Amino acid sequence: MQIKLVFTVLASTALALPSPPSIESSQIVGGDLASVGDFPFIVSLSEATYNWHVCGGSLLNANTVITAAHCSIYATNRVNVRAGSLKHNSGGVVVGVSQIIVHPDYGAGAYADNDVAIWKLSTPIRTSSTIGYATLAAPGSDPAAGSVSQTAGWGHMKENEYVLSMDLRKVTVPIVSRSSCARSYVNDGITDSMVCAGLSQGGKDACQGDSGGPLVDSSKRLIGLVSWGNGCARPNYPGVYTRVGAIRSFIDANL
């Protein structure tokens, strides 16, 4: 199993600066370049000292970003958030982070269960011609199997190809039923707080570097957060996402 984070580190090493090496997470595989306005709420989360892109996230309001818990291993003074740019290392608006709130039940049961965190910004990010806020899926909502979804990020475009995309990319993937996903990951514990998306033949997926980024439905509502999977875009192994409808109480309590 691979979390889709750029640097392979454990939560216990949160105070240690990782060197950027062999990457076990992903960039969008099998997708296309995104255009201005496709994902106005997407942000790049970076290590502040060296400006290394680490994960994706979504802007919920002027002061709040949602991302994956496994992306949230850093002290607040070690990370920045960039919004309003199709590139992860230039343009847009860059601000610091004042607080990181990880779901209290993250990893308490199944692998990567409740993989969500809220980052509070030290400076507000206002809406603009290139910046907007994500609309959340309704509490309890669960995407229907076969429905169209889309994810985006700056991660790898191919498994084990350790180069980030400089430009935002997007890919369209169908939702996979939880029962089918559980059969693919029979030993890994697919839970109700997860949603899966991908093609049975593979070829399209999120990858390393896309962790924490958005999964949206056809109305661009935020329905999931990139979390983990078996490699990237492998046949019969859909990407696994944190289901936003299942974690709305945590999100709403921290907006």
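Just so it is clear, the model here is predicted, and its values are computed rather than measured. Both backbone and side-chain heavy atoms feed into the values below; hydrogens, waters and symmetry mates do not.
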Quick check on side-chain contact (heavy atoms from CB on, under 4.5 Å): which of I118, N63, I66, L60 does L255 satisfy it with? L60
Could you check if a side-chain atom of Q99 sits within less than 4.5 angstrom of a side-chain atom of I101, using non-hydrogen atoms only? yes
Testing S165, S44, S46 for side chain to side chain donor-acceptor pair (under 3.5 Å) with H53, which one passes? S44
Is there a donor-acceptor pair closer than 3.5 Å between any side-chain N or O of S35 and the backbone N or O of D38? no
Angle class for the W52/Y50 ring planes (parallel below 30°, perpendicular above 60°, tilted otherwise)? parallel
Could you work out, with side chain to side chain donor-acceptor pair (under 3.5 Å) as the rule, every residue matching R183, not counting sequence neighbours? none
Is any side-chain heavy atom of L59 less than 4.5 Å from a side-chain heavy atom of L121? yes
hydrophobic_cluster_shared for Y241 and L199, side chain cutoff 4.5 Å: no
Can you see which heavy atom on A137 is nearest to which on V244, and at what distance? N-CG1, 4.1 Å
In the structure I gave you, are the side-chain heavy atoms of W154 and I42 within less than 4.5 Å of one another anywhere? yes
D205 side chain to C232 main-chain N or O, any donor-acceptor pair under 3.5 Å? no
Considering only heavy atoms from C-beta outward, does the side chain of N51 approach that of R82 to under 4.5 Å? yes
Taking the six-membered ring for Trp, is the centroid-to-centroid distance between Y185 and W228 below 6.0 Å? yes
Would you mind reporting whether N114 and T242 have side-chain heavy atoms less than 4.5 Å apart? no
Please say whether the positively charged group of K220, taken as NZ for Lys or CZ for Arg, lies over the ring of F41, i.e. under 6.0 angstrom from the six-membered ring centre and within 45 degrees of the axis. no
Cluster question for you: counting only ILVMFWY and a side-chain heavy-atom cut-off of under 4.5 Å, with indirect links fine, are V79 and I73 together? yes
Going by the rule salt bridge (charged side-chain N to carboxylate O under 4.0 Å, His left out), which residues pair with K87 if we only count those two or more places apart in sequence or in a different chain? D167
Any side-chain heavy-atom pair from W119 and T64 closer than 4.5 angstrom? no
Do R126 and I131 have side-chain heavy atoms sitting under 4.5 Å apart? no
D142 and R243 ion-paired at < 4.0 Å: yes
With no hydrogens and no angle check, do the side chains of T191 and D113 hold a donor and an acceptor under 3.5 Å apart? yes
V216 reachable from V36 in the ILVMFWY side-chain graph, under 4.5 Å edges: yes
Any salt bridge linking R169 with D32? Criterion: basic side-chain nitrogen under 4.0 Å from a carboxylate oxygen. no
Closest approach of S184 and Y237, non-hydrogen atoms and distance? O-CE2, 3.2 Å
Examine distances only and state if a side-chain atom of S149 and a backbone atom of A197 form a donor-acceptor pair shorter than 3.5 Å. no
Residue set satisfying ring-ring contact (aromatic ring centres under 6.0 Å, His included) with F250, at least two apart, ordered chain then number -> H103
Let me check something: do V176 and V240 share a hydrophobic cluster, defined by ILVMFWY side-chain heavy atoms less than 4.5 Å apart, either directly or through other members? no
I want to check something: taking the side chain as every heavy atom from C-beta on, are S147 and S218 in contact at a cut-off of under 4.5 Å? no
